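The shown structure was predicted, so the numbers you read here are calculated from the model rather than taken from an experiment.
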Amino acid sequence: MRVIEVILISIAISLDIFSVMLCKGSIINKVNINKLMKMGIIFVIFQSIAIILGNLAINIPILKHELNELGKGFAGIIFIVIGINLLKKGFNNEFIEERLSGIGTMYKDIVSTSLLFSLKVFFISIGFLILKANILMISSILISISTLSVILGVYLG
């Protein structure tokens, strides 16, 4: 898998994170840089764990043999399902009522949001690894682009 493919998929995932964090940032009355960096670190930790778990899942001997048989078809199914889910979310126009809050009260929401995105990253890392992508390349590109999306989303919101 080429670097440009990993970058484009990482940007697509990060746009989803950016939009959620833009909404979260819009209800914060004052953005503190230290707390903003803590939010980014929370996302980095959960996404790193998801990538490591995806790598471990791929290397289980039973799954490794089965996934080598199914190979690229399974990876394609993962990316198609995630893409359809993102499109479905994009076309749903639901009214969301938010209230202004301090950044300290948002950590519970940030942890739950990062857990949900980490589940997506887990499946995407499995898809990348089935396609024989380098784990260090995946993690460095995906985590850096996602962290930048979190910081920019909260700051611009």
Side-chain angles (χ1 to χ4, degrees), residues 1-28 31-59 63 67 70-96 98 103 106-157:
M1 182 165 238
R2 296 181 303 197
V3 175
I4 190 70
E5 295 168 334
V6 175
I7 290 173
L8 290 175
I9 292 173
S10 298
I11 290 172
I13 296 166
S14 296
L15 288 176
D16 196 21
I17 295 171
F18 176 78
S19 64
V20 169
M21 296 312 291
L22 191 66
C23 292
K24 299 277 184 200
S26 67
I27 61 172
I28 298 173
V31 177
N32 183 342
I33 298 298
N34 291 332
K35 292 183 181 181
L36 186 61
M37 293 308 242
K38 287 179 186 177
M39 285 183 200
I41 290 171
I42 290 170
F43 268 87
V44 166
I45 290 170
F46 282 110
Q47 287 188 350
S48 299
I49 291 170
I51 291 171
I52 291 168
L53 290 176
N55 187 28
L56 292 174
I58 281 295
N59 290 319
L63 286 178
L67 290 176
L70 299 175
K72 295 180 181 177
F74 184 70
I77 290 171
I78 289 173
F79 289 126
I80 288 171
V81 168
I82 290 173
I84 290 171
N85 188 25
L86 290 174
L87 286 172
K88 189 172 72 170
K89 282 183 180 179
F91 287 118
N92 287 343
N93 293 325
E94 298 175 10
F95 179 73
I96 300 172
E98 296 284 347
I103 198 166
M106 289 188 56
Y107 282 120
K108 184 177 179 182
D109 291 338
I110 297 300
V111 169
S112 63
T113 303
S114 64
L115 276 171
L116 289 174
F117 283 113
S118 296
L119 183 63
K120 187 185 302 183
V121 169
F122 171 75
F123 287 114
I124 287 172
S125 68
I126 289 175
F128 278 142
L129 293 170
I130 288 173
L131 296 173
K132 308 286 190 237
N134 184 348
I135 185 77
L136 293 175
M137 178 182 66
I138 296 168
S139 56
S140 62
I141 292 172
L142 187 60
I143 289 172
S144 60
I145 292 175
S146 297
T147 304
L148 184 64
S149 295
V150 168
I151 292 170
L152 285 175
V154 172
Y155 187 74
L156 294 175

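- Between I11 and I7 the shortest side-chain heavy-atom distance falls below 4.5 Å.
- The side-chain contact (heavy atoms from CB on, under 4.5 Å) test with M37 singles out one residue from I151, I42, V150, and that residue is I151.
- Rounding to the nearest 0.5 Å gives a distance of 9.0 Å between CG of L115 and CG of L119.
- The two residues F18 and L152 have their closest heavy-atom pair at CE1-C, 3.8 Å.
- The distance from the CG atom of L22 to the CG atom of L15 is 11.5 Å, given to the nearest 0.5 Å.
- In this structure, S118 and F46 approach most closely via the heavy-atom pair OG-CB, 3.0 Å.
- Considering only heavy atoms from C-beta on, I143 comes within 4.5 Å of I51 through its side chain.
- Applying the side-chain hydrogen bond (donor to acceptor under 3.5 Å, both in side chains) definition to pairs two or more places apart or across chains, those involving residues 38-54 are Q47-S146.
- Atoms CD1 and OG, on I141 and S10 in that order, are 6.0 Å from each other to the nearest 0.5 Å.
- In this structure, G54 and S125 approach most closely via the heavy-atom pair CA-OG, 3.6 Å.
- Closest approach of I17 and F117 over heavy atoms only: CG1-CD2, 3.6 Å.
- Atom CZ of F123 sits about 11.0 Å away from atom CG of L53, to the nearest 0.5 Å.
- The line from CD1 of I49 to CD1 of I52 is 7.0 Å long, rounded to the nearest 0.5 Å.
- Although no hydrogens or angles enter the test, the distance criterion places no donor-acceptor pair under 3.5 Å between the side chain of S14 and the main chain of S149.
- A donor-acceptor pair under 3.5 Å is formed between the side chain of S140 and the backbone N or O of M137.
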